[in-house]
Amino acid sequence: MACKRGALIVLEGVDRAGKTTQCKKLVQALEQSGRPVEMMRFPDRTTTIGQLISAYLEKKSELEDHTVHLLFSANRWELVPLIKKKLEQGITLVVDRYAFSGAAFTSAKPGFCLDWCKNPDVGLPKPDLVMFLQLSAAEAALRGQFGEERYETSVFQRAVQQKFEQLMKDPSVNWQMIDASQSVEDVHKQIATHSLNAINTAQNLPLGEL
Ligand code: DGP
Ligand code: NA
Ligand code: NA
C-alpha cells in the first residue's frame with residue numbers, strides 16, 4: 001500500500017506575529033512525536049528568483065510592482081515539484097507564508113485589485129490548513145521597532161491586515177484564526193492541535209489546488 005500523504009500546513013499573519021517561531025516549534029513537536037515533517041518558507045531566498053526578491057526586500061534593487069508580484073509567485077511555483085514529492089513521501093510540510101501573503105502584500109499597494117493578485121497562484125497545491133496569527137497593530141508595536149526591509153511600516157502592515165481579512169472570507173480554504181497575543185506556549189498548543197487534526201484528515205484526501 002502506498003504511504004499516506006503528508007499535510008500541507010501554512011502559517012500566515014502580519015509581520016512580527018511570531019510565524020517563524022511557531023513554525024519551528026511545530027516542526028520540533030511533530031518530530032518528537034515521530035511524524036515525518038519539514039519546514040519551508042516563502043519567499044525562499046536561496047533560489048535564483050529568490051535572490052532577486054531578497055535584493056528587492058533589502059532595498060538593494062528596485063523592481064516594478066507587477067514584476068515583483070510575479071516573481072514571488074514564480075518562487076512558489078518553482079518549489080511545487082518538491083512540495084508534491086515530499087507530501088507524496090508522507091512528509092508533512094510546515095510553511096512560513098504562502099500565496100495568501102502574495103495576494104495580501106501586493107493588493108495593499110495602490111492600484112492593485114485582489115483578484116488580479118490571486119491569479120498567478122491559482123493552481124498551486126492547496127494547503128490542508130492555513131493558520132492566521134492575529135495580532136493588532138498596537139500589540140505588534142509593543143514587540144519593538146520594525147526592521148529596515150521594504151513593507152516594514154505600520155501604515156503598510158495595517159493595509160496588509162485588511163487584505164488578509166478579505167482573503168479569510170474564502171470558505172474554500174481551511175482558515176483557522178489564532179490569537180497571537182497569547183504566550184508562545186499557548187499559541188503553540190493551539191497550532192499543534194489544529195495541525196494534528198489536519199494531518200489526520202489529509203491522509204484520506206487528495207491534495208487540492210488553489
Ligand atoms: P519574511 O521573510 O517572512 O519576513 O517575508 C519577507 C517580506 O516579504 C515580508 O514583508 C512579507 C513579504 N512577502 C512575502 N511573500 C510575499 C509575496 O508573495 N508578495 C509580496 N509582495 N510580498 C511578500
Ligand atoms: Na520580514
Ligand atoms: Na517571519
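One-based numbering, in listed order, for ligands and for the atoms of each. Just so it is clear, the values below take in all heavy atoms, side chains as well, and ignore hydrogens, waters and symmetry mates.
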One finds that the ligand 1 atoms under 4.0 Å from a non-hydrogen atom of Pro43 are 5 (O), 14 (C)

The answer for which part of Asp15 has a heavy atom under 4.0 Å from ligand 1 is side chain

Lys60 meets the side-chain hydrogen bond (donor to acceptor under 3.5 Å, both in side chains) criterion, sequence neighbours left out, with Glu58

query: Quick check: does Arg150 get an N/O under 3.5 Å from an N/O on ligand 1?
result: no

A student checking ligand 1 against Leu57 at a 4.0 Å heavy-atom cut-off should list atoms 6 (C), 7 (C), 8 (O)

One finds that the ligand 1 atoms under 4.0 Å from a non-hydrogen atom of Gly102 are 17 (C), 18 (O), 19 (N)

Restricting to heavy atoms, the pick from Phe156, Tyr151, Tyr98 nearest atom 12 (C) of ligand 1 would be Tyr151

Closest to atom 22 (N) of ligand 1 (heavy atoms only, candidates Phe105, Phe146, Phe100) is Phe105

Is the shortest heavy-atom distance from the side chain of Trp77 to the side chain of Val80 under 4.5 Å?
-> yes

Among Phe42, Phe72, Tyr56, the residue with a heavy atom nearest to atom 19 (N) of ligand 1 is Phe72

query: Can a non-hydrogen atom of Lys109 be found less than 4.0 Å from any atom of ligand 1?
result: no

Note: heavy atom closest to atom 6 (C) of ligand 1, options Lys19, Glu12, Arg45, Arg16, belongs to Arg45

- Query: Polar-atom distance check: Glu149 versus ligand 1, any N or O pair below 3.5 Å?
  - Reply: no

Nearest heavy-atom contact between Gln22 and Leu133 is CG-CD2, 4.1 Å

Quick look: Arg97 vs ligand 1, heavy-atom contacts under 4.0 Å, and the answer is side chain

Counting heavy atoms under 4.0 Å, the part of Arg41 that contacts ligand 1 is side chain

Going by the 4.0 angstrom heavy-atom rule, the piece of Ala99 near ligand 1 is neither

